[in-house]
Q: 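This is the structure I want to talk about, given as structure tokens.
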Amino acid sequence: MAERITPRSESYSDWYVDIVLNAQLADYSPVKGTMVIRPRGYAVWERMQSALDAMFKETGHQNAYFPLLIPESFLKKEAEHVEGFAPECAVVTHGGGEELEEPLVIRPTSETIIWSMYKKWIQSYRDLPLLINQWCNVLRWEKRTRLFLRTTEFLWQEGHTAHASAEEAREETLRMLEVYRRFAEEYMALPVLTGVKSEAEKFAGAVNTYAIEAMMQDRKALQAGTSHFLGQNFAKAFDVTFQTAEGGLDHVWATSWGVSTRLVGALIMAHSDDKGLVLPPKLAPVEVAIVPIFKNQTKTEVLAYADKLNQTLKGSYRVVLDADDNNSPGWKFSQWELYGVPIRVECGPKDMQNNQVVLVRRDSGEKLPVAISEAPQRIGVLLQQIQQSLYDRALEFREANTRDIDNYDDLLAFFENDGGFARAAWSGSVESEARIKAETKATIRVLPFGNEQEAAGKRCVVTGEPARHMAIFARSY
RNA sequence: CGGGAUGUAGCCUAGUGGCUAAGGCGCCUGCUUUGGGAGCAGGAGACCGGAGGUUCGAAUCCUCUCAUCCCGACCA
């Protein structure tokens, strides 16, 4: 306890690890690349889940659960899919003490098992659309792992939908991308760019991959969610056809979309500071921590005063009263800051005399004395302000670190000296994207919607050929 | 997979061939304290990552091995 957190300026990745461990969000577990999500971290994930789940239900989706184990042959049915995932699959070869006839893959994603079932369930256009989501764990054998951001096993949500037409499936893909954008911005206070991924970055087996992309405090990009238009690729691989209203037979059109516990990592890296975690109020498991300040003579009165406030707030807020008398107030202040609680309420004898309490903002450190009778209302307003100012600050940071660049030397210099998001015209060729990656380590994070029009008349920043896109380049997680 | 680092009590660290492995934090008991990480007294807790070797003697030297972290390559 009371351990020093490495300052961001010294080492961003040490800082990140220190926050995760010291704020008790997660801990390393015995198997390489895996982690335990501790109660403080899991509570954040639960809040994310419940907000997202409600949004999925509102858009007509139902939850279901498909098995962890997938016959190895299923993965092989879609050519790009198997090529993309085979290297990172864990395979079960033995069960019940015997070697299995067919090895079973632990799901790296569930498209194949789901589409094998959709084949049974879909016969007619009347069965469509089929809109299913599942919350589960998946396993990808990653060579390099980082707490929350990339772990061998992680928790996520995967939506899989089937539609009667390409247009409808495309609409669904974009609808869910929009759900993710809203969630990131409204709940996580995280501004994101939306758009389509380049060929090199798209999902194995998709026709198009769309993503929300955020900037972290070290100016690197983080893909926070993806939504895929799968075309008829999986329907063809698994032979899923349906009778159209006109009596014909057609393959089903598909989408899939997901966000994972990586979002917790995004949340940490977007808002936290050298004192510890900073959580946006909407996702904070505890919104308000009350710290009474008392001496022996005043203990009873102050605790009664604090508890009265606690009881008043309880109905409306997620609040804890830290009545422990072993730790000093200063210790508690630091502790609740480390845990990222948005508002701390200090109340001691001086406050009692004035019928007030002191509200302290986690994001700014600002101390606000308020009349105790007004505290409940003021806290509500303050939580909203904190939520908003976290978003504003993150947006301001992103804007300040996004640069329009129109020649290759500047692009090289930008990633050499500054880093951030570079917006530049791009020909659309695989070679030029590969060259930028090789020389700057930056990749195309996203081709923002409407970028083609903007690119008209411009020349590719790498090759000088006529540009087809305005692309966002950045180094990424 | 390549490079680097690290494994000594729950955590951090000292100990680089020689007495019973040392200190800080945390933990337990008691007292005292409490407006920005409190103090005193007492206490529990370690086969020094593992195996083998060298030696009268190994946490320390050698060999092998395991694990984790960081950087890079790879990567929905």
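First the proteins, then the strands, lettered A, B, ... as listed; each starts at 1.
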Q: What's the gap between B:G45 and B:C28 when it is taken at their C1' atoms, as a whole Å value?
A: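 It comes out at 10 Å once rounded to the nearest Å.
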Q: Could you tell me whether A:Gly348 contacts a base, only the sugar-phosphate backbone, or nothing, with contacts defined as non-hydrogen atoms closer than 4.0 Å?
A: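 Touches a base.
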Q: Does the cation-pi check pass for A:Arg40 over A:Tyr339, that is, NZ or CZ under 6.0 Å from the six-membered ring centre and within 45° of its axis?
A: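 Yes, a cation-pi geometry holds between A:Arg40 and A:Tyr339.
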Q: Write down the distance between NZ (A:Lys220) and C1' (B:C71), rounded to a whole number of angstrom.
A: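 It is 10 Å, rounded to the nearest whole Å.
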Q: According to the salt bridge (charged side-chain N to carboxylate O under 4.0 Å, His left out) rule, which pairs have a member within residues 426-438 of chain A, sequence neighbours left out?
A: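 Of all non-adjacent pairs touching residues 426-438 of chain A, those that pass salt bridge (charged side-chain N to carboxylate O under 4.0 Å, His left out) are A:Arg435-A:Glu439.
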Q: Quick test: give all pairs of protein nitrogen or oxygen and nucleotides 38-45 of chain B nitrogen or oxygen below 3.5 Å, distance rounded to 0.1 Å.
A:
residue: B:A38; atom: OP1; partner: A:Ser328; partner atom: OG; Å: 3.4
residue: B:A38; atom: OP2; partner: A:Ser328; partner atom: OG; Å: 2.5

Q: Run the salt bridge (Lys or Arg N to Asp or Glu O under 4.0 Å) test against A:Lys197 and tell me which residues pass, sequence neighbours left out.
A: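 With neighbours one apart ignored, the set is A:Glu213.
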Q: Identify whether any heavy atom of A:Lys367 sits under 4.0 Å from a base atom; if not, whether one sits that close to sugar-phosphate; answer base, sugar-phosphate or nothing.
A: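 Answer is base: heavy atoms of A:Lys367 come under 4.0 Å of a base.
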Q: Could you check how far CZ of A:Phe333 sits from P of B:G36, rounded to whole Å?
A: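 In whole Å, B:G36 P and A:Phe333 CZ are 7 Å from each other.
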Q: Across the strands shown, which category fits A:Pro349 at heavy-atom distances under 4.0 angstrom: base, sugar-phosphate, nothing?
A: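 Base, at least one base heavy atom under 4.0 Å.
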Q: What do you reckon, are the aromatic ring centroids of A:Trp156 and A:Trp45 less than 6.0 Å apart?
A: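 Judged by ring-centre distance (under 6.0 Å), A:Trp156 and A:Trp45 do not meet the cut-off.
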Q: Quick check on A:Arg181: does its CZ atom have over 12 non-hydrogen neighbours (other residues, nucleotides or ligands) under 6.0 Å away?
A: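 Yes.
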Q: Look at all strands and tell whether A:Glu201 reaches a base, only sugar-phosphate, or nothing, counting heavy atoms closer than 4.0 Å.
A: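 Touches nothing.
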Q: Hey, does A:Glu80 reach any base, or is it just sugar-phosphate, or nothing, if we go heavy atoms under 4.0 Å?
A: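 Touches nothing.
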Q: What is the distance, to the nearest angstrom, from the CG atom on A:Asp351 to the P atom on B:U34?
A: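 Atom-to-atom, A:Asp351 to B:U34, this comes out as 16 Å.
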Q: Is the NZ or CZ atom of A:Arg344 both under 6.0 Å from the centre of the six-membered ring of A:Phe333 and within 45° of that ring's axis?
A: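 Positive - A:Arg344 is close enough to the ring of A:Phe333 and near enough to its axis.
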Q: Extract from the structure each pairing of a protein N or O with an N or O of nucleotides 67-70 of chain B at less than 3.5 Å, listing the distance.
A:
residue: B:U68; atom: OP1; partner: A:Lys32; partner atom: N; Å: 2.5
residue: B:C70; atom: O3'; partner: A:Ser13; partner atom: OG; Å: 3.4

Q: Would you please name every residue forming a salt bridge (Lys or Arg N to Asp or Glu O under 4.0 Å) with A:Glu158, sequence neighbours left out?
A: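 Per chain and number, A:Glu158 pairs via salt bridge (Lys or Arg N to Asp or Glu O under 4.0 Å) with no residue.
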Q: Using the test salt bridge (Lys or Arg N to Asp or Glu O under 4.0 Å), find all partners of A:Asp14 that sit at least two apart in sequence or belong to another chain.
A: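 A:Asp14 satisfies salt bridge (Lys or Arg N to Asp or Glu O under 4.0 Å) with no residue once adjacent residues are dropped.
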Q: Among the candidates B:G37, B:U34, B:G35, find the nucleotide nearest to the side-chain atoms of A:Phe294.
A: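 Closest nucleotide among those given: B:U34.
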Q: Is any side-chain nitrogen or oxygen of A:Lys295 closer than 4.0 Å to OP1 or OP2 of B:U34?
A: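 A:Lys295 to B:U34 OP1/OP2: side-chain N or O found under 4.0 Å.
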Q: For A:Trp257 and A:Phe56, run ring-ring contact (aromatic ring centres under 6.0 Å, His included): C-alpha distance rounded to whole Å, both residues' side-chain angles, the deciding distance at 0.1 Å, then the answer.
A: CA-CA 11 Å; A:Trp257 27 274; A:Phe56 299 156; 5.2 Å; yes
Q: What side-chain donor-acceptor pairs closer than 3.5 Å can you find for residues 78-94 of chain A, not counting sequence neighbours?
A:
residue: A:Glu78; atom: OE1; partner: A:Glu80; partner atom: N; Å: 3.2
residue: A:Glu78; atom: OE1; partner: A:His81; partner atom: N; Å: 2.9
residue: A:His81; atom: ND1; partner: A:Ala204; partner atom: O; Å: 3.0

Q: Do the side chains of A:Glu185 and A:Arg182 get close enough for a salt bridge, i.e. N-O under 4.0 angstrom?
A: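 The answer is no: the pair does not qualify as a salt bridge.
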Q: Rounding to the closest angstrom, what is the interatomic distance between B:U63 and B:G42 at atom P?
A: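 It comes out at 46 Å once rounded to the nearest Å.
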Q: Distance-only criterion, 3.5 Å: show the donor-acceptor pairs between side-chain atoms of residues 64-74 of chain A and protein atoms not counting sequence neighbours.
A:
residue: A:Tyr65; atom: OH; partner: A:Arg107; partner atom: NH1; Å: 3.4
residue: A:Tyr65; atom: OH; partner: A:Arg107; partner atom: NH2; Å: 2.7
residue: A:Ser73; atom: OG; partner: A:Glu102; partner atom: OE2; Å: 2.8

Q: Taking B:G23 as the reference, what is the distance to B:C64 when you measure between their C1' atoms (whole Å, please)?
A: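 It works out to 33 Å between them.
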Q: In this structure, how many angstroms lie between the P atom of B:G37 and the CG atom of A:Asp324, rounded?
A: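 Taking atom P of B:G37 as the reference, CG of A:Asp324 is at 16 Å.
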Q: Want to settle it: does A:Ser334 or A:Glu88 sit nearer the 5' end of RNA chain B, counting the closest nucleotide to each?
A: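 Nearest-nucleotide comparison on RNA chain B picks A:Ser334.
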Q: Is any side-chain N or O of A:Glu337 under 3.5 Å from a base N or O of B:G36, one able to act as donor and the other as acceptor?
A: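 In this structure, the two groups form a donor-acceptor pair.
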Q: Calculate the interatomic distance between A:His81 atom NE2 and B:C75 atom C1'; express it in whole Å.
A: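 Atom-to-atom, A:His81 to B:C75, this comes out as 15 Å.
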Q: Rounded to the Å, how far apart are A:Glu346 CD and B:G37 P?
A: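 It works out to 12 Å between those atoms.
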Q: Within residues 202-213 of chain A, find the residues that approach RNA chain B with a heavy atom at under 4.0 Å, and present them sorted by residue number.
A: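 Here the set is A:Phe203, A:Ala204.
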Q: Using atom P in both nucleotides, what's the gap between B:C25 and B:G39 to the nearest angstrom?
A: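 Looking at atom P only, B:C25 and B:G39 are 8 Å apart.
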Q: Which helical stems does RNA chain B take part in, if a stem means at least 3 consecutive Watson-Crick or G-U pairs with both distances below 3.5 Å?
A: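 Output for stems: B:1-7 with B:66-72, B:10-13 with B:22-25, B:27-31 with B:39-43, B:49-53 with B:61-65.
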Q: Nearest to the side chain of A:Lys143, which nucleotide is it out of B:G35, B:C74, B:G36?
A: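 My answer, after comparing the listed nucleotides, is B:C74.
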Q: What interatomic distance, in whole Å, is found between C1' of B:G43 and the corresponding atom of B:G26?
A: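 One C1' to the other, the span is 14 Å.
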Q: Using the P atoms only, state how far B:U8 lies from B:C47, rounded to an integer number of Å.
A: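 Result for the P pair: 11 Å, nearest Å.
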Q: Can you give each donor-acceptor pair under 3.5 Å made by side-chain atoms of residues 263-274 of chain A, sequence neighbours left out, with the distance rounded to 0.1 Å?
A:
residue: A:His271; atom: NE2; partner: A:Met188; partner atom: O; Å: 2.8
residue: A:His271; atom: NE2; partner: A:Ala189; partner atom: O; Å: 3.3
residue: A:Ser272; atom: OG; partner: A:Ile268; partner atom: O; Å: 3.1
residue: A:Ser272; atom: OG; partner: A:Val278; partner atom: N; Å: 3.0
residue: A:Asp273; atom: OD1; partner: A:Lys275; partner atom: N; Å: 2.9
residue: A:Asp273; atom: OD1; partner: A:Gly276; partner atom: N; Å: 3.3
residue: A:Asp273; atom: OD1; partner: A:Arg362; partner atom: NH2; Å: 2.8
residue: A:Asp273; atom: OD2; partner: A:Arg362; partner atom: NH1; Å: 2.9
residue: A:Asp274; atom: OD1; partner: A:Arg8; partner atom: N; Å: 3.0
residue: A:Asp274; atom: OD1; partner: A:Arg8; partner atom: NE; Å: 2.9

Q: If I pick the C1' atom on B:G15 and the same atom on B:G2, what distance separates them, to the nearest angstrom?
A: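 Approximately 34 Å lies between the C1' atom of B:G2 and that of B:G15.
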Q: Counting only N and O atoms by type, is there a donor-acceptor contact under 3.5 Å from the side chain of A:Ser227 to the main-chain atoms of A:Thr173?
A: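 Between the backbone of A:Thr173 and the side chain of A:Ser227 there is a qualifying donor-acceptor contact (under 3.5 Å).
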Q: Here's a test of your reading of the structure: between A:Val360 and A:Glu142, which maps to the more 5' nucleotide of RNA chain B?
A: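 With A:Val360 and A:Glu142 compared, the 5'-side residue is A:Val360.
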Q: What is the distance, rounded to the nearest whole Å, between atom NZ of A:Lys332 and atom P of B:U34?
A: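 These atoms are roughly 13 Å apart.
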Q: Got a list of side-chain donor-acceptor pairs under 3.5 Å for residues 112-119 of chain A, not counting sequence neighbours?
A:
residue: A:Ser116; atom: OG; partner: A:Ile113; partner atom: O; Å: 2.7
residue: A:Tyr118; atom: OH; partner: A:His160; partner atom: O; Å: 2.8
residue: A:Lys119; atom: NZ; partner: A:Asp239; partner atom: O; Å: 3.2
residue: A:Lys119; atom: NZ; partner: A:Asp239; partner atom: OD2; Å: 3.4

Q: Would the number of heavy atoms belonging to other residues, nucleotides or ligands and lying under 6.0 Å from CD of A:Glu46 be above 12?
A: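 Atom CD in A:Glu46 is crowded, with more than 12 foreign heavy atoms closer than 6.0 Å.
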Q: Have a look at A:Lys350 and say if it touches a base, only the backbone sugar-phosphate, or nothing, with a 4.0 Å heavy-atom cut-off.
A: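 Base contact.
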Q: In this structure, how many angstroms lie between the P atom of B:G35 and the CG atom of A:Asn296, rounded?
A: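 Result: 12 Å.
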